[in-house]
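Beneath this line is the structure, given in structure tokens, with notes to follow.
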There are 2 protein chains.
Amino acid sequence: MAMTMMKLAENLGLSVATVSRVLNGCDKKRVRPELAARIREEARKAGFQPDRAAGQLRRRRSNLIGILLPSLSIVNFYSELAGELHELILKRGYFPVFAFWIQMEEAVKAYRNIVSWRIDGLITVQPDIIEGKPEFPVVSYYNEDPRFDCLVTDSEQIFRELLEYLTSLGHRNIVWIGCNFDGRLPCLMRLCPEYSVKIKYMDCDNSIGLLSSSAGYCLTEKMLKEFSADLPTAIVASSDDIAFGAIRCLADHGYRCPEDFSVIGSDDVKQAELYIPALTTIKHSDKTSLAELLTDQIFKKIEKPDLPRDRVVIKRSLAVRDSCAPPRSHELTSIPRRQ
Amino acid sequence: MAMTMMKLAENLGLSVATVSRVLNGCDKKRVRPELAARIREEARKAGFQPDRAAGQLRRRRSNLIGILLPSLSIVNFYSELAGELHELILKRGYFPVFAFWIQMEEAVKAYRNIVSWRIDGLITVQPDIIEGKPEFPVVSYYNEDPRFDCLVTDSEQIFRELLEYLTSLGHRNIVWIGCNFDGRLPCLMRLCPEYSVKIKYMDCDNSIGLLSSSAGYCLTEKMLKEFSADLPTAIVASSDDIAFGAIRCLADHGYRCPEDFSVIGSDDVKQAELYIPALTTIKHSDKTSLAELLTDQIFKKIEKPDLPRDRVVIKRSLAVRDSCAPPRSHELTSIPRRQ
DNA sequence: AACGCTGGGACCCTTTGGTAG
DNA sequence: GCTACCAAAGGGTCCCAGCGT
């Protein structure tokens, strides 16, 4: 049986009210200091931990922040984000509650699950699964929703930067690989003609599976076959993991990166910088970390719930590293690693 | 105001007891089917979600499993594990509560935090931070603790396999890089003489920071400098991330893997197989996944708390891939990528 | 009378055994 | 015997009352 506040009070011959006051630090000018000390000492000795459920039930705040993200085990970017959010939320005296999903149907269940915690706020990348207008603030990243605060990316800005970079190297024929999260592919396709760049794309929907490195491998393989008549010279991947998978697939087919194919990732995962070649990729936010922006935003709304809806455009930037080079014709320059 | 069961009952002109029974599926033989249907329908329409805190307070089980792991944002292996545990625990009708830590002091706070949820079970890799004997079952991986069920690895078995493999390739001079989690370095050092293998090691303690790929980079750099007079031919890294960092560092110094250095990782992270070169690494468990073994064990103890303490030795195996090759002398075979 | 400190007890929402119709 | 309700319990929180000086 776990130690409860009531038992603790009984042991001390005091009322729960007094114990509660002391243990919550509301004892200033209310409880005699030496008594407070005795209570704290006894609580420590007994290894007392207040019951979260009971406290949460009584006061109307849970001090919980829900975090609803695609599965950790698939996309490295989300685990990095989850880890940072965890840390920042704890630092504010709140506690994070996670729910991850792989299939879209699971996402709705995950959301319901998280709501039953009576969370004080929610951070997600998938606001459309939220039904109605919840009574807690929500911050969404990527995908926009008129109901909630959103941190959105400016696809046009970053794709212009990307296209300028790629064309400056001499690329005129590129391919998009991966998923079409937040509808960025149409934006890229709209921009390409302006830069006289030909663009193709490989299998796009919104499933998270399409963000993993093995997906990157498969899509690249398919791409090489399907577009063999007119191979692109640069690959734009919708995540770093996809980019890694792509580079490996290229190697297995005897192509080298960046000599034969330039590859650009997205997210700037920790691994990107240390990959061989160091991966050129799109960074979220150029100064404050994304996790910080998200937590700042949610706590701003928790403190002042009446603030109007925010829509913050995050400035992304291209981390130029070693995975891009001027294009050259596609004769095999090395022996395929596998056939 | 969130919809509560009381309001729902009031709207229906029924008592909460009846509503509760229906919504918990205990309505067999207790509630008229058509009434049950009406209640369920109304609950759905109102978007009712039961308050977890209240339910948990009343029945004595929380249906929560605590997961206490080193920070996600640092070690890929832990995020994969966390993701899989999340999925498996949900599948059993329980809910995972996560706490991660970076510094050791944070670990104790994280543990206390998690305990205040009145969890029904705990999965961790760091049992020594648990004070006393908690009233919920605990399963520990890696690190052994006489108080709890443990899934332990057989260092000797896997290191023999590793040494046999390495010596069969011709290696006689190896180096250990990374942290000394679960005291496996001493085991390796004890075994080496048997195989006539010389072993050195680079900076080892238990801090998680030493599991990241940037740590792998730094340690390798230090190693190259410190042991330049007698460079080893193979590197055994204490995590795959370290191995990745090491390989990149080698490349930056003009060494290639596996031609100049063989590298072996540990954990068999998703990325390992798709890395270039595909990373030879130590897999946890050869058949059932580690996450499954852990959840099976914890639920076994939740269902039958009186079972004696278990100590399961997990059979690990070497996933032989492309990052190892016969050694050769250390003349530079390529141009350093950076100086 | 006023102030400083501690205790009493309603309340948060759900579960569940007992009971009434 | 079937169905639905009553009421207590579970652990804290917090307003208000009470007591002593």
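All of these numbers come straight from a predicted model, not from anything done at the bench. Here is how names work: the chains are called A, B, and so on, in the same order as the sequence lines, proteins then strands, and each is numbered from 1.
For D/dT13, the OP1/OP2 oxygens have a side-chain nitrogen or oxygen of A/R59 closer than 4.0 Å. Listed pair B/S15 / D/dA4 fails the phosphate criterion, with no side-chain N or O lying under 4.0 Å from OP1 or OP2. Remark: B/S20 is in phosphate contact with C/dT15, judged by side-chain N or O atoms under 4.0 Å from OP1 or OP2. Within the structure, every side-chain polar atom (N or O) of A/N24 is placed at least 4.0 Å from both OP1 and OP2 of D/dG12. For D/dA4, the OP1/OP2 oxygens have no side-chain nitrogen or oxygen of B/T18 closer than 4.0 Å. Between A/R60 and C/dC13, a side-chain N or O to OP1/OP2 separation shorter than 4.0 Å is present.
A donor-acceptor pair is defined here as one N or O able to donate and one able to accept, closer than 3.5 Å; no such pair exists between the side chain of A/T124 and the backbone of A/P127.
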> Does the side-chain contact (heavy atoms from CB on, under 4.5 Å) test come out yes or no for B/S20 and B/M5, once each step is laid out?
Replying inline: CA-CA 7 Å; B/S20 170; B/M5 196 179 276; 3.5 Å; yes

>> With salt bridge (charged side-chain N to carboxylate O under 4.0 Å, His left out) as the criterion, how do B/D120 and B/R60 come out once you've worked through the C-alpha distance, each side chain's angles and the decisive distance to 0.1 Å?
In response: CA-CA 10 Å; B/D120 291 335; B/R60 314 303 297 283; over 6 Å; no

>> Would B/D51 and B/R58 count as a salt bridge (charged side-chain N to carboxylate O under 4.0 Å, His left out) here? Give the steps.
In response: CA-CA 11 Å; B/D51 186 308; B/R58 180 57 243 249; over 6 Å; no

> So B/D149 and B/K300, salt bridge (charged side-chain N to carboxylate O under 4.0 Å, His left out) or not? Walk me through it.
Replying inline: CA-CA 11 Å; B/D149 283 3; B/K300 186 171 142 194; over 6 Å; no

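Residue A/R58 places a side-chain atom within donor-acceptor reach of the base of D/dT13, judged by atom type and a 3.5 Å distance cut-off alone. Residue-to-nucleotide contacts include a donor-acceptor pair under 3.5 Å from the side chain of A/R21 to the base of C/dG7.
One interatomic measurement links the two molecules: CE of B/M5 to C1' of C/dT16, which rounds to 12 Å at whole-angstrom precision. As rounded to whole Å, 10 Å separates atom P of C/dG7 from atom CG of A/L12. As rounded to whole Å, 8 Å separates atom P of D/dG11 from atom CZ of B/R118. C/dC12 atom P lies 18 Å from atom CG of A/D51, rounded to whole Å. With rounding to whole Å, B/Q56 atom CD is found 13 Å from D/dG12 atom C1'. When rounded to the nearest whole Å, the span between CG of A/L14 and C1' of D/dG12 equals 16 Å. The CD atom of B/E10 sits 13 Å away from the P atom of D/dC5 (whole-angstrom rounding). Rounded to whole Å, the distance from CE on A/M3 to C1' on D/dG11 is 13 Å.
A heavy atom closer than 4.0 Å to some atom of DNA chain C occurs in no member of residues 32-46 of chain B.
For the helix from C/dA2-D/dT21 to C/dG21-D/dC2, the end axes, each set by the C1' atoms of five terminal pairs, are bent relative to each other by 70° (nearest 10°).
Nearest nucleotide to the side chain of B/P50, out of C/dT14, D/dG12, C/dG8: C/dT14. For B/L57, the side-chain atoms get nearest to D/dG10 when compared with the rest of C/dC13, C/dT6, D/dG10.
Between B/F100 and A/H86, the angle of the ring planes goes over 60°, which puts this pair in the perpendicular group of the 30/60° scheme. Ring geometry for B/Y111 versus B/F136: interplanar angle of 30 to 60°, hence tilted.
For B/R52 and B/F95, the positive end sits near the middle of the six-membered ring, less than 6.0 Å away and at most 45° from its axis.
Each of B/G13 and B/A53 was matched to the nucleotide of DNA chain D holding its nearest heavy atom; the match closer to the 5' end belongs to B/G13.
In this model, no donor atom of one side chain and acceptor atom of the other lie less than 3.5 Å apart for A/N63 and A/Q56.
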May I have the list of side-chain donor-acceptor pairs in residues 35-42 of chain B shorter than 3.5 Å, sequence neighbours left out?
residue	atom	partner	partner atom	Å
B/R40	NH1	B/V22	O	3.3
B/R40	NH2	B/D27	OD2	3.2
B/E41	OE2	B/R44	NH2	3.2

